[in-house]
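Just so it is clear, the model here is predicted, and its values are computed rather than measured. One is the number of the first residue; the rest follow in order along the sequence.
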Amino acid sequence: LLDIFFKETVRRHAPHVIMPASRAMRRAFVLTLSGCAFSRLQSAAAQIASCRAGLTGATCRQHGAPKALRAVSMLQMGRTRKHMNAKATTCSCANASAASGNDPCGPCELGYCTAAADPHFTSFDGFNGSSKDNIFQENTAYRLVKTDTMEIQGLAQGKSGWVGGFAVGGDFLKGHSLVMIMRGTQKTNKMSHADVLLDGQPILSEKNSQEHIPGVLDAHRHERSQEEILGAVMKDLPEFQQNKNEKAKNFLKIENMNGDHYHFKLPEHVEIFADNRYLLIKMPKHPNMRGWCGNFNGDPDDDYDRTWSGKKKAAAGQDFFDAQDSSSLFKGKDVTSLGQKKEEQADKDTEGTGRVEAPDEDAGPCGSSPEKVAKARKVCNIISQPDKREECVYDVCKTGDTNVWKVYLNAEIEEVENARGIPEFMGHGKCLDSEKRPYTTLTATGVETAEGCRGALRDLSPVEGVRGAQLGGGACQILVDAKHGGIATYNKVSDGPGELIVEYTDGAESYTCWKLN
């Protein structure tokens with residue numbers, strides 16, 4: 001009877017835990033967990049006061065409970081799971097005390113936004129704008145994120161408006177300012193180096209350097225190797241799996257992906273990752289959010305509308321202005337690319353992929369040339385995510401540069417590495433893999449809302465082989481790889497051959513799909 005009790009306790013209250021096979025091991029395993037939990041009970045009780053007024057038990061966990069309390073909360077999850085999943089697990093993190101994330105109520109639900117190439121945006125809610133809508137002119141500033149206490153601006157450089165850096169200001173930085181300006185040739189969208197300025201003074205000038213101000217900033221410049229990149233993402237990205245076969249029809253050798261990577265931790269759980277012509281912002285929800293990263297309200301459809309008037313775009317924070325304008329956080333800084341003319345004259349096709357002759361502006365991205373379109377698609381076919389692949393094709397046609405695919409492959413690598421565990425809206429329909437195959441599905445019993453389904457997926461993010469979730473007809477399904485062994489208390493609904501990261505949806509209007517990086 002005791003063995004049955006132990007098995008049922010873990011099955012009901014910690015369904016993602018895989019129980020040992022033998023009876024003796026099961027007893028030892030559960031007793032160990034119980035001992036750890038109850039030994040920290042006193043510490044957990046002492047920290048309950050750190051959570052916001054009126055939040056206790058599982059509700060406090062929902063808003064980011066102390067770690068010790070979360071250890072005890074495992075024993076409460078069975079009776080509170082439905083209540084917890086009925087709401088979005090969010091918090092404002094407005095009282096985070098340090099750049100290291102030392103918030104007494106622990107980590108919040110996070111989202112991420114990206115800007116890539118010239119630039120193309122993905123909002124916190126997962127909206128991907130048309131590749132033809134978001135083209136800025138050179139030396140232009142724009143608001144990525146704006147709230148009542150912070151502003152994060154982006155910079156567009158060169159005639160094609162390549163991502164050229166970011167600037168951060170606002171009360172949350174406690175009187176400090178942070179600016180990063182990417183340097184290097186524009187024509188092949190490469191970043192040779194970057195100037196990072198803290199309160200106007202250069203930092204991170206040396207490779208593998210760092211800067212730290214307690215409660216304000218934790219900044220790192222790290223040179224990533226090819227081996228490090230492949231090791232981090234090989235098991236998740238279809239591109240790397242497919243490129244094992246050099247005889248494949250669309251084989252394109254993936255190399256020279258190494259380079260400087262910048263990571264900035266700021267107050268209130270805000271993090272910024274910067275790479276070659278690419279930015280990723282990771283942060284929790286804040287009141288009154290606006291900008292090109294969207295409003296972070298869970299609805300991707302209201303993040304951007306090309307028919308908005310100029311006044312409405314400005315109200316949504318989606319206007320743009322000269323980098324030397326009074327509204328710009330780059331004002332007074334040299335935002336051009338150092339030595340640009342010299343570098344452009346010496347620019348060569350070092351990768352051996354050739355160039356697509358850029359057409360006249362009025363002729364459309366690739367004009368009417370099927371050959372140019374075919375060549376653009378050939379070099380961009382390495383990108384498995386459909387939205388990024390189409391953006392790559394457009395940029396190759398627009399600029400004539402066939403090395404643009406590296407920006408988008410870098411973007412996928414960054415998302416897998418730095419946005420793990422964050423559900424991303426993929427669209428309406430059932431989720432499909434890179435070969436448009438359905439996944440094996442498991443039912444999340446009692447989860448009936450979009451917020452709950454995202455929450456269940458987030459809870460299962462540490463489990464190997466979990467790829468996404470889909471909601472249809474009031475039922476949430478968890479998606480796993482074809483050879484996945486299953487998850488306790490999640491009953492299998494269907495088998496499917498799908499594997500690796502979610503890349504497509506089938507368009508079924510009654511379903512909504514989220515992927516997990």
Side-chain angles (χ1 to χ4, degrees), residues 50-55 59-65 87-115 121-127 141-154 166-178 215-218 263-274 279-304 312-319 327 329 418-419 421-425 450-451 454-455 458:
S50 298
C51 291
R52 295 200 298 274
L55 299 182
T59 308
C60 182
R61 178 189 180 277
Q62 170 186 321
H63 290 268
K87 301 180 179 179
T89 53
T90 64
C91 67
S92 68
C93 290
N95 296 319
S97 58
S100 62
N102 186 23
D103 183 351
C105 276
C108 299
E109 175 193 2
L110 301 171
Y112 71 95
C113 163
T114 66
F121 302 105
T122 299
S123 74
F124 289 114
D125 291 325
F127 176 83
Y142 49 90
R143 295 179 179 89
L144 285 163
V145 178
K146 183 172 177 59
T147 73
D148 297 339
T149 61
M150 76 174 69
E151 184 161 349
I152 304 174
Q153 293 183 1
F166 69 88
V168 187
D171 294 342
F172 90 121
L173 274 189
K174 304 174 184 178
H176 295 276
S177 65
L178 178 67
V216 176
L217 174 69
D218 191 8
H263 180 200
F264 304 87
K265 286 186 176 182
L266 304 171
E268 301 182 20
H269 298 285
V270 176
E271 295 183 65
I272 301 176
F273 302 85
L279 299 173
L280 185 150
I281 301 171
K282 182 166 68 173
M283 62 181 289
K285 297 178 182 179
H286 280 251
N288 303 319
M289 291 185 71
R290 50 202 183 278
W292 286 95
C293 284
N295 53 25
F296 205 173
N297 67 350
D299 181 8
D301 296 329
D302 66 359
D303 280 340
Y304 174 77
K312 189 166 184 179
K313 286 181 180 179
Q318 294 178 3
D319 52 347
S327 301
L329 298 177
N418 301 313
I422 301 177
E424 179 187 349
F425 172 79
E451 292 84 358
R454 288 200 308 269
R458 189 179 302 107

When you compare the side chain of [Y] with that of [X], does any pair of heavy atoms fall below 4.5 Å?
X    : Y    : value
Q153 : Y142 : no
V270 : I152 : yes
V216 : H176 : yes
N288 : D148 : yes
F172 : L266 : yes
T114 : F121 : no
R458 : E109 : yes
M150 : V168 : no

Relative to the ring of H263, is the ring of F273 parallel (under 30°), tilted (30 to 60°) or perpendicular (over 60°)?
parallel
Kindly assign one of parallel, tilted or perpendicular to the pair Y304 and F127, based on the angle between their ring planes and the thresholds 30° and 60°.
tilted
Verdict with reasoning, Y112 to I281, per side chain to side chain contact (heavy atoms under 4.5 Å, CB included)
CA-CA 5 Å; Y112 71 95; I281 301 171; over 6 Å; no
Does [Y] offer a backbone N or O that forms a donor-acceptor pair with the side chain of [X] under 3.5 Å?
X    : Y    : value
Q318 : L144 : no
D125 : G298 : yes
K174 : G215 : yes

Does NZ or CZ of K285 come closer than 6.0 Å to the centre of the six-membered ring of F296, within 45° of the ring's axis?
yes
Nearest-0.5 Å distance, [atom1] of residue [X] to [atom2] of residue [Y]:
X    : Y    : atom1 : atom2 : result
M283 : C113 : CE    : SG    : 10.0 Å
S123 : N295 : OG    : CG    : 8.0 Å
E271 : K265 : CD    : NZ    : 5.5 Å

Of R290, R143, K313, which is the lone residue that meets salt bridge (charged side-chain N to carboxylate O under 4.0 Å, His left out) with D319?
R143
State, to 0.1 Å, how close [X] and [Y] come at their nearest heavy-atom pair, and which atoms those are.
X    : Y    : value
N297 : D299 : OD1-N, 2.9 Å
F124 : G111 : CD2-C, 3.6 Å
L110 : P284 : CD2-N, 3.6 Å
A167 : L329 : CB-CB, 3.5 Å
A274 : L279 : CB-CD2, 3.8 Å
T122 : E424 : CG2-OE2, 3.9 Å

Criterion side-chain contact (heavy atoms from CB on, under 4.5 Å) against V145, the qualifying member of H286, E151, M289
M289
